[in-house]
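Structure, as structure tokens:
All values below come from the heavy atoms of this structure, side chains included, with hydrogens, waters and symmetry mates left out. Quantities reported herein were computed from a predicted structural model and do not represent experimental measurements.
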Amino acid sequence: MEEAKHIEAGEAQRIEAGEAKHIQAREAQGTEAGESSRSSRKVITFEPKLVINKGISVLGFILRLFAVFGTIGSALAMGTTHESVVSLSQLVLLKAKYSDLPTLMFFVVANAIAGGYLVLSLPVCIFHIFSTKAKTSRIILLVIDTVMLALVSSGASAATATVYLAHEGNTTANWPPICQQFDKFCERISGSLIGSFGALILLMLIVINSAISLSRH
């Protein structure tokens, strides 16, 4: 009888030890599952500020890309504008070219400089998309953007006065309009002027975008 009791006690101890090991294994599995779920949460979570900053940088790159087409396109359209017509009343060949007017030459130079700068600034904007903490380069871009805005604005304003005189003339100064004879010339310079004003609006948006991006750092 004593041996049977001893055997039963040993079996009970083995059962209790097995149950304890099973419970410990289940607790270890639960701990590992909790850690894996926490790590997966870390991967899924993201910072809203970082996403917004990247979005602002992408928007700035797109604005600069469109401004490149506006400035360089206006400079090319104006720089290749010329027309020759024959005056039947005077029997002479009349020529009109952008280089004959200093304001139009300044317009071409201003838009060409702004367009070249915008092209060079595109790689910097790509760098800002991936490195949102860059601050010094953003300050430099904001300063130069403001200078380019003033340059394009002055060139477009000067050309606007000349284009207006070409269309309407000035009776007080006895300047007759020339667009009645040089219609293609006037169409080209008017179109390039519209493109430059479009680029001017984009430059304004670029300056605002740069200021907002800088203020978030």
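Nearest heavy atom pair, residue Phe127 against residue Ser137, reads CE2-OG, 4.5 Å. For the pair Gly115 and Ile72, the tightest heavy-atom approach, listed with the atom from each and the gap, is CA-CG1, 3.8 Å. For Arg188 against Leu76, the heavy-atom pair with the smallest separation is NH2-O, 4.4 Å. Ser74 approaches Phe107 most closely through the heavy-atom pair O-CE2, 3.9 Å. What you find for Leu142 and Ala211 is that their closest heavy atoms are CD1-N, 4.0 Å. Residues Ala199 and Thr71 approach most closely at CB-CG2, 3.6 Å, considering heavy atoms.
With rounding to the nearest 0.5 angstrom, the CG atom of Leu202 is 11.0 Å from the CG atom of Leu149. One finds the CG atom of Leu214 at 9.5 Å from the OG1 atom of Thr136 (value rounded to the nearest 0.5 Å). For the atom pair CG (Asn209) and CG (Leu59), the distance works out to 5.0 Å, reported to the nearest 0.5 Å. Note that OG1 of Thr146 is 11.5 Å distant from CE of Met204, once rounded to the nearest 0.5 Å. To the nearest 0.5 Å, atoms CG (Leu203) and CD1 (Ile208) are separated by 11.0 Å. Annotation: the span from Ile62 atom CD1 to Ser57 atom OG amounts to 11.0 Å, rounded to 0.5 Å.
In this structure the side chain of His128 never reaches within 4.5 angstrom of the side chain of Ser210, judged on heavy atoms. Within the 4.5 Å cutoff, side-chain heavy atoms of Leu151 are placed close to those of Phe106. Side-chain contact between Ile113 and Met148: present, with at least one pair of heavy atoms (C-beta onward) separated by less than 4.5 Å. Counting heavy atoms from C-beta on, the side chains of Met105 and Ser99 come closer than 4.5 Å.
Following chains of ILVMFWY side-chain contacts shorter than 4.5 Å, one can reach Leu141 starting from Phe130, so the two form part of one hydrophobic cluster. Phe197 and Ile194 fall into different hydrophobic clusters, defined by Ile, Leu, Val, Met, Phe, Trp and Tyr side-chain heavy atoms under 4.5 Å apart, directly or through other members.
Atom NZ of Lys184 has 12 or fewer heavy atoms from other residues, nucleotides or ligands within 6.0 Å.
One N or O on the side chain of Ser190 and one on the backbone of Cys186 form a donor-acceptor pair closer than 3.5 Å. A donor-acceptor contact shorter than 3.5 Å links the side chain of Ser154 to the backbone of Ala150. Panel note: side chain Ser121, backbone Leu118; a donor-acceptor pair is recorded below 3.5 Å. Looking only at distances, a side-chain donor or acceptor of Ser192 sits under 3.5 Å from a matching main-chain atom of Ile189.
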| request: Take Asn111 and Ser196, measure what side chain to side chain donor-acceptor pair (under 3.5 Å) needs, and give me the verdict at the end. | output: CA-CA 7 Å; Asn111 281 273; Ser196 182; 3.1 Å; yes

